[in-house]
There are 2 protein chains.
Amino acid sequence: MPDLHDVLFRALADPTRRALFEGLCRKGEQTVGALTARAGVSQPAVSKHLGVLKQAGLVRDRHEGRQTHYSAQLGALAPLIDWTSQMAGFWQSRFDQLENLLKRMDQ
Amino acid sequence: MPDLHDVLFRALADPTRRALFEGLCRKGEQTVGALTARAGVSQPAVSKHLGVLKQAGLVRDRHEGRQTHYSAQLGALAPLIDWTSQMAGFWQSRFDQLENLLKRMDQ
DNA sequence: CTAACTGATAACCGATTGGCTATTTATTCG
DNA sequence: CGAATAAATAGCCAATCGGTTATCAGTTAG
């Protein structure tokens, strides 16, 4: 069972998918047609990628007539930021321990 | 040709690989044997994963006798942080434009 | 109502992935 | 030296992935 971080990292690991997400961040809400025009792959491929991004919570879709508008959900990046700072925290913590040890040895 | 972000995201997209990296961040430098003991997969699998992490710049290896010690390279996460804040920047920028538009309309 | 259009789904295909076992290479110990 | 140990590499396999074309479903326009 894939956890939250898995789904996020996997979704962003593909360049086409990341480009779609970047496009939505840059220009805001866009239709599947507009996204397909710049994606360099077929419309079904784009739809599938958007499905993966949606599953990861990275995009939202809004139906309007026969068009579907997608928009980026920036909040979905939070776990990624959290994970990163957690890694940095571990590192810092080990650094602190070392610093402490050196300080004690110095006495 | 896979770019920098690709290699990074792909490397971190696998749970086993991410767990290895987390272990190295938490506890610092460790041998392949120690990492294998907790990885839940075979030693060759661990070696292959470490190879991928190394390729992404996320770990460094140091040979000492017949053992290989691996350690996390926290700096390799920088492009990930940059990318995230760039996405946030795009979003903020669009928000600012909207804010500006509303301000002008208000006059 | 029919035709055209937009996007999603289905079915398929080749490449890549992540795992395994077996083997190789390098180092240490007796 | 030869045996044992640590890690890397080779070769294999099933599953997943990203792409395609063909088709379907829903919506709008004539």
Side-chain angles (χ1 to χ4, degrees), chain A residues 1-24 27-72, chain B residues 1-24 27-72:
Chain A
M1 46 195 107
D3 81 331
L4 185 63
H5 292 127
D6 255 9
V7 177
L8 248 187
F9 277 110
R10 289 219 73 105
L12 295 172
D14 182 77
T16 306
R17 217 144 48 209
R18 212 166 48 247
L20 285 170
F21 181 71
E22 287 181 25
L24 290 171
K27 309 192 180 177
E29 189 179 79
Q30 288 169 75
T31 66
V32 174
L35 291 168
T36 300
R38 288 168 204 82
V41 293
S42 66
Q43 174 267 313
V46 171
S47 268
K48 227 195 280 188
H49 282 307
L50 289 170
V52 174
L53 290 172
K54 185 177 167 187
Q55 205 68 17
L58 286 162
V59 300
R60 242 175 57 81
D61 59 343
R62 182 174 67 81
H63 299 279
E64 184 182 322
R66 58 185 160 185
Q67 294 189 321
T68 310
H69 299 257
Y70 281 87
S71 52
Chain B
M1 48 198 107
D3 82 331
L4 186 66
H5 292 127
D6 256 350
V7 176
L8 248 187
F9 277 112
R10 291 214 73 104
L12 295 172
D14 181 77
T16 305
R17 217 143 49 210
R18 213 167 46 248
L20 284 171
F21 182 71
E22 287 181 25
L24 290 171
K27 307 192 182 177
E29 189 180 78
Q30 287 169 76
T31 67
V32 174
L35 291 167
T36 300
R38 288 171 203 79
V41 293
S42 67
Q43 174 266 313
V46 170
S47 267
K48 225 195 283 186
H49 281 308
L50 289 170
V52 174
L53 290 172
K54 185 179 166 185
Q55 206 68 16
L58 286 162
V59 300
R60 239 176 58 82
D61 59 343
R62 181 175 67 81
H63 298 281
E64 186 182 320
R66 60 186 158 185
Q67 294 188 322
T68 311
H69 298 258
Y70 280 87
S71 53

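Values reported hereafter were calculated over all heavy atoms of this structure, with side chains retained and with hydrogens, waters and symmetry mates removed. Each chain gets a letter, A, B and so on, in the order its sequence line appears, and its residues count up from 1.
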Between [N] atom [atom2] and [X] atom [atom1], what is the distance in whole Å?
X: A:L20; N: D:dG19; atom1: CG; atom2: C1'; result: 14 Å
X: B:D14; N: C:dT16; atom1: CG; atom2: P; result: 18 Å
X: B:L12; N: C:dG18; atom1: CG; atom2: P; result: 12 Å
X: A:Q55; N: D:dG18; atom1: CD; atom2: P; result: 14 Å
X: B:R17; N: C:dT17; atom1: CZ; atom2: P; result: 9 Å
X: B:R66; N: C:dC29; atom1: CZ; atom2: P; result: 6 Å
X: B:E64; N: D:dT5; atom1: CD; atom2: P; result: 19 Å
X: B:D6; N: C:dT17; atom1: CG; atom2: P; result: 11 Å

With a 4.0 Å limit, can you tell me whether [X] has a side-chain N or O closer than that to the phosphate oxygens OP1/OP2 of [N]?
X: A:T16; N: D:dG19; value: yes
X: A:S42; N: D:dT20; value: yes
X: A:Y70; N: C:dA8; value: yes

Could you pull out the closest heavy-atom pair between [X] and [Y], with the gap in Å?
X: B:R18; Y: B:L12; value: NH1-O, 2.8 Å
X: A:D14; Y: A:H49; value: OD2-CE1, 3.4 Å
X: A:A72; Y: A:F21; value: CB-CE1, 3.8 Å

*Tell me what A:A45 touches on the nucleic acid: a base, only sugar-phosphate, or nothing, going by heavy atoms under 4.0 Å.*
base

Of the nucleotides [options], which has the atom closest to the [X] side chain?
X: B:V41; options: C:dG19, C:dT6, D:dG19; result: C:dG19
X: A:T68; options: C:dG19, D:dA7, C:dA8; result: C:dA8
X: B:H49; options: C:dA8, C:dG18, D:dA4; result: C:dG18
X: B:T31; options: C:dC20, C:dA4, D:dA7; result: D:dA7
X: B:K48; options: D:dT20, D:dG11, D:dA7; result: D:dG11

*Using heavy atoms to find the nearest nucleotide of DNA chain D for A:V52 and A:Q67 separately, return the residue whose nucleotide is more 5′.*
A:V52

*Name the residue closer to the 5' end of DNA chain C, choosing between B:R10 and A:D61 according to the nucleotide with the nearest heavy atom.*
A:D61

_Side-chain heavy atoms of A:D61 within contact of A:L50, under 4.5 Å_ = no

_Under 3.5 Å, is there any donor-acceptor pair linking the side chain of B:Q43 to the base of D:dA6?_
no

*Do you know which of A:Q67, A:R62, A:R66 makes side chain to side chain donor-acceptor pair (under 3.5 Å) with A:E64?*
A:R62

